[in-house]
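Notes follow once the structure below has been shown.
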Amino acid sequence: MSIQLFCANYDIDSCLDQVRQCLEKGWTGMGFKTVEFENEWKKYTGFKNAYFTNSATSALNLAVVTLKEKHGWDDGSEIITTPLTFVSTNHAILLANLSPIFSDVDDSFCLDPKDVEAKITPKTKAVMYVGFGGNSGRYDEIASICKRYGLCLILDAAHMSGTRMNGRIPGEEADAVVYSFQAVKNLPTGDAGMLCMPDDECDSIIRKRGWLGINKDTYIRSVESDSGYKWKYNVEYLGEKYNGNSIMAALALAQLPHLDEDNKYRKKLAERYLFELSDYKDHIRFPRYFNNCTPSWHLFQILVPERDGLIKHLNSRDIFPGVHYVPNTEYEMYLYAKGTCKHADYVGNHVLSLPMHMRLTEEDVSYVCSCVKEYVIDNNSVTQLDLPKDWE
Ligand SMILES: *Cc1c(COP(=O)(O)O)cnc(C)c1O
């Protein structure tokens, strides 16, 4: 049996029961279960608002466009962001005709507050923060920089379902928090996302913009009492079709009660990795996790000297790890910033995501660790890790 990087686990009976409710009602679209899941997510996070979308990518696009409009940002205004992310994060900025300004990461692999502050210009309007792998990094310092400079804060929490910081769900001070419930994330559906904007006006705008700009969704129309005018609506925005549907929300409702216990299991696996790989500091390092963070452990990442060779070796042992991420500044769209984030480039060249999912056993983890050590420690031709000076 091969060991894959990710593999989603579902509470199948509960999923089928939730989906059955949609089919019996004859309602699989927006409304019904999407409303129910939005309410459950608000309870879970403590956030005031939550809008269920068809992906986190859609949610990011909506967040940026809506903040741009609300605050009247000019085209070309700058948003400081990280190169170490899935491209949706940065595409959202470009799609809104804004300019992604790449800032370097620190040893948590999240944005470095010092470099973020250094990159602020009169054109800076916001910071886009990614809680990488479920780690909150120095999020609190970034939040206070945003407050000090009057910048908006967008939290790409795609990896952070279930992450706690100081015992709470982080993101309360952000202008937008975006979650992903894509198939391999910690709360898997098929494809879905959530956009939480504390500002009520923004929440009402994103519900229109996410539904072609129409000011009444079909669900509101179906339950409206002045039934004679059900068909009457206005189109206020050039919107997109970004709304989530009841089938995805049904899966999310079935999975949410398992999120915290799943993340506890991930933590157990992470601790096993840490236990088995911690004694080899010359060859294997981990991102820094601060004490105030209880990560979701979406990813378990290591830095190693010869990453690509290690991948080949693990593949030969039937283990299939991943790389998160190639710095976005390596891609054609973002080449203008290539080489501007030295630490992110270092991570991009040395980072490896080891298998992390609910079907992995502790024995699997030990096997993966022994195969990692075979290559990285026992193999005399592998050199030591040449960490950036300020990370040692
Ligand atoms: C997965 C992911 C996204 C996009 O999520 P989708 O739901 O697949 O659109 C955005 N940002 C990060 C950091 C991600 O990992």
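Every number for a ligand or one of its atoms is a count from 1 in the order of the listing.
- One distance of note links NZ of K125 with CG of L98; it measures 10.0 Å at 0.5 Å rounding.
- The two residues F286 and S278 have their closest heavy-atom pair at CE1-OG, 3.7 Å.
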What short N/O contacts, under 3.5 Å, does ligand 1 make with the protein, listed by atom pair and distance?
residue: ligand 1; atom: 5 (O); partner: S180; partner atom: OG; Å: 3.3
residue: ligand 1; atom: 7 (O); partner: A56; partner atom: N; Å: 2.9
residue: ligand 1; atom: 7 (O); partner: S180; partner atom: OG; Å: 2.7
residue: ligand 1; atom: 9 (O); partner: A56; partner atom: N; Å: 3.3
residue: ligand 1; atom: 9 (O); partner: T57; partner atom: N; Å: 2.8
residue: ligand 1; atom: 9 (O); partner: T57; partner atom: OG1; Å: 2.5
residue: ligand 1; atom: 11 (N); partner: D156; partner atom: OD1; Å: 3.4
residue: ligand 1; atom: 11 (N); partner: D156; partner atom: OD2; Å: 2.8
residue: ligand 1; atom: 15 (O); partner: H159; partner atom: NE2; Å: 2.6
residue: ligand 1; atom: 15 (O); partner: K185; partner atom: NZ; Å: 3.1
residue: ligand 1; atom: 15 (O); partner: Y325; partner atom: OH; Å: 3.1

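- In this structure, a donor-acceptor pair under 3.5 Å is present between the side chains of E276 and S366.
- No hydrogens or angles considered: nothing links the side chains of S58 and N61 as a donor-acceptor pair under 3.5 Å.
- I12 shares a hydrophobic cluster with Y10, L16; the chain of contacts runs through ILVMFWY side chains whose heavy atoms sit under 4.5 Å apart.
- At a cut-off of 3.5 Å, with distance as the only test, a side-chain donor of T81 or N90 sits close to an acceptor on the other residue.
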